[in-house]
Amino acid sequence: MQAHVTNQLPPADTHKTNIQRSEEGGPFLAPIERPPGLILKIVFFFVRRQFGKVMAPLTVFAARMPAAFGSFYGKVSQLDKKLRLPARTAMIIRERVASINTCLFCMDAARYYAMKQFGDTARFDALEQYQTSPLFTEAERAALDYATELTRDKKVAPETFARLKRHYGEREICDIVWLVASEHIYNLTNIGLNIGSDGLCDVAADAASDDVTKL
């Protein structure tokens with residue numbers, strides 16, 4: 001199988017001006033720290049116990065919606081476990097989409113779970129250079145090109161799909177489409193309510209530092 005690196009797609013726009021705009025003034029709606037429903041109260045309890053606080057998407061969005069909506073959002077991550085794609089590949093696709101959309105909460109959350117599951121974020125750090133970085137396979141480059149084009153242009157060129165098809169079967173291609181589409185649900189929910197990063201990576205770093213101190 002012939003290696004192919006494409007330079008047709010520029011890196012995601014993550015300039016500081018965009019990042020600052022996403023966080024200016026905090027969420028458009030005030031957080032609800034005490035939700036009315038029992039299910040959400042239980043969710044809030046366990047999230048607060050794990051992270052020391054309740055994440056903004058829960059307090060700003062889920063707390064105002066019927067419980068079924070929060071349950072649906074929770075099922076997205078559960079469905080990812082049924083994908084045939086390697087978890088590492090799925091994570092970098094989600095991070096790529098989130099970075100293009102400039103969803104700071106999702107970008108930080110993806111890095112947090114990468115740290116938790118794999119122990120490092122080297123591939124996340126190199127994601128802007130995925131077309132040339134040795135940390136990525138040719139198959140991953142094809143998947144990231146596809147995700148980039150679909151996210152930015154809302155369409156995919158035949159040649160981009162042809163490159164993807166050289167590396168992945170039909171089921172895996174549908175996995176990739178699912179990742180791009182479902183990531184937009186998270187991204188646009190947060191962007192639409194001006195929800196920025198909740199500092200999950202900082203929480204993880206502080207916890208790791210505490211563990212080292214205790215040794």
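What you see is a predicted model, and the numbers here were worked out from it, not measured in a lab. In what follows, every heavy atom counts, from backbone to side chain, and hydrogens, waters and symmetry copies are set aside.
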Whether Glu149 side chain and Tyr146 backbone form a donor-acceptor pair below 3.5 Å: no
Residue pair Ala147 / Val180: nearest heavy atoms and the distance that separates them: CB-CG2, 3.7 Å
Full working for side chain to side chain contact (heavy atoms under 4.5 Å, CB included) between Arg88 and Gln117: CA-CA 9 Å; Arg88 288 177 181 269; Gln117 187 168 351; over 6 Å; no
Any Pro57 side-chain heavy atom under 4.5 Å of Thr189 side chain: no
Test item: Leu179 and Thr89 side chains (from C-beta on) under 4.5 Å apart, heavy atoms: no
Atom of Ala56, atom of Ile195 and distance for their closest heavy-atom approach: CB-CG2, 3.6 Å
Met115 vs Cys201 side-chain heavy atoms within contact, under 4.5 Å: yes
Nearest heavy atoms of Ala143 and Ile93, plus distance in Å: CB-CD1, 4.1 Å
Side-chain touch Leu150/Lys155, heavy atoms, less than 4.5 angstrom: no
CZ/Arg64: more than 12 non-hydrogen atoms of other groups inside 6.0 Å: yes
Rounded distance (nearest 0.5 Å) linking atom CZ of Arg171 with atom CG of Leu85: 8.5 Å
Whether over 12 other heavy atoms sit under 6.0 Å from Leu135 CG: yes
Hydrophobic cluster identity match, Leu40 and Phe46, side-chain contacts under 4.5 Å: no
Sidechain N-carboxylate O distance under 4.0 Å for Glu128, Arg96: yes
Thr121 side chain to Phe124 backbone, donor-acceptor under 3.5 Å: no
Asp175 side chain reached by Tyr168 side chain, heavy atoms, under 4.5 Å: no
Gap between atom CG of Leu164 and atom OG1 of Thr160 - 0.5 Å precision: 9.0 Å
Shared hydrophobic cluster, Val47 / Ile42 (ILVMFWY, side-chain heavy atoms < 4.5 Å): no
Side chain Asp108, main chain Leu200, donor-acceptor under 3.5 Å: yes
Joint cluster assignment, Leu79 & Ile173, ILVMFWY side-chain distance < 4.5 Å: yes
Phe72 atom CZ, neighbour heavy-atom count above 12 within 6.0 Å: no
Spacing of CG belonging to Leu127 relative to CE belonging to Met107, to within rounding of 0.5 Å: 9.0 Å
Where Pro36 and Ala63 come nearest, the two heavy atoms and their spacing: CD-O, 4.2 Å
Salt bridge Asp125-Arg111, side-chain N to carboxylate O under 4.0 Å: yes
Non-hydrogen atoms of Glu172 and His167 that approach each other most closely: OE1-O, 4.4 Å
Within 6.0 angstrom of Lys82 NZ, more than 12 heavy atoms from elsewhere: no
Where Pro27 and Val60 come nearest, the two heavy atoms and their spacing: CB-CG2, 3.9 Å
Donor-acceptor under 3.5 Å (Tyr186 side chain, Cys106 main chain): no
Ser182 (side chain) donor-acceptor with Trp178 (main chain) under 3.5 angstrom: yes
Check against salt bridge (charged side-chain N to carboxylate O under 4.0 Å, His left out), Asp145 and Arg141: CA-CA 6 Å; Asp145 278 351; Arg141 291 188 182 108; over 6 Å; no
Separation of Leu58 CG from Ile32 CD1 (nearest 0.5 Å): 11.5 Å
Ser99 side chain vs Glu95 backbone, donor-acceptor pair below 3.5 Å: yes
Parallel, tilted or perpendicular: ring planes of Tyr73 versus Phe61, cut at 30 and 60 degrees: tilted
Spacing of CD belonging to Gln50 relative to CZ belonging to Phe45, to within rounding of 0.5 Å: 12.0 Å
Side-chain donor or acceptor of Asn187 paired with backbone N/O of Asn101 under 3.5 Å: no
Reported CZ-to-CD distance for the pair Arg163 and Glu138, which is rounded to 0.5 angstrom: 10.5 Å
Lys/Arg-Asp/Glu bridge criterion (N-O < 4.0 Å) met for Glu183, Arg94: yes
Donor-acceptor contact below 3.5 Å, side chain Asn194 vs main chain Phe28: no
Under 3.5 Å donor-acceptor, Arg123 side chain and Phe136 backbone: no
Under 3.5 Å donor-acceptor, Thr151 side chain and Thr148 backbone: no
pair Arg48-Glu33: side-chain heavy atoms closer than 4.5 Å: yes
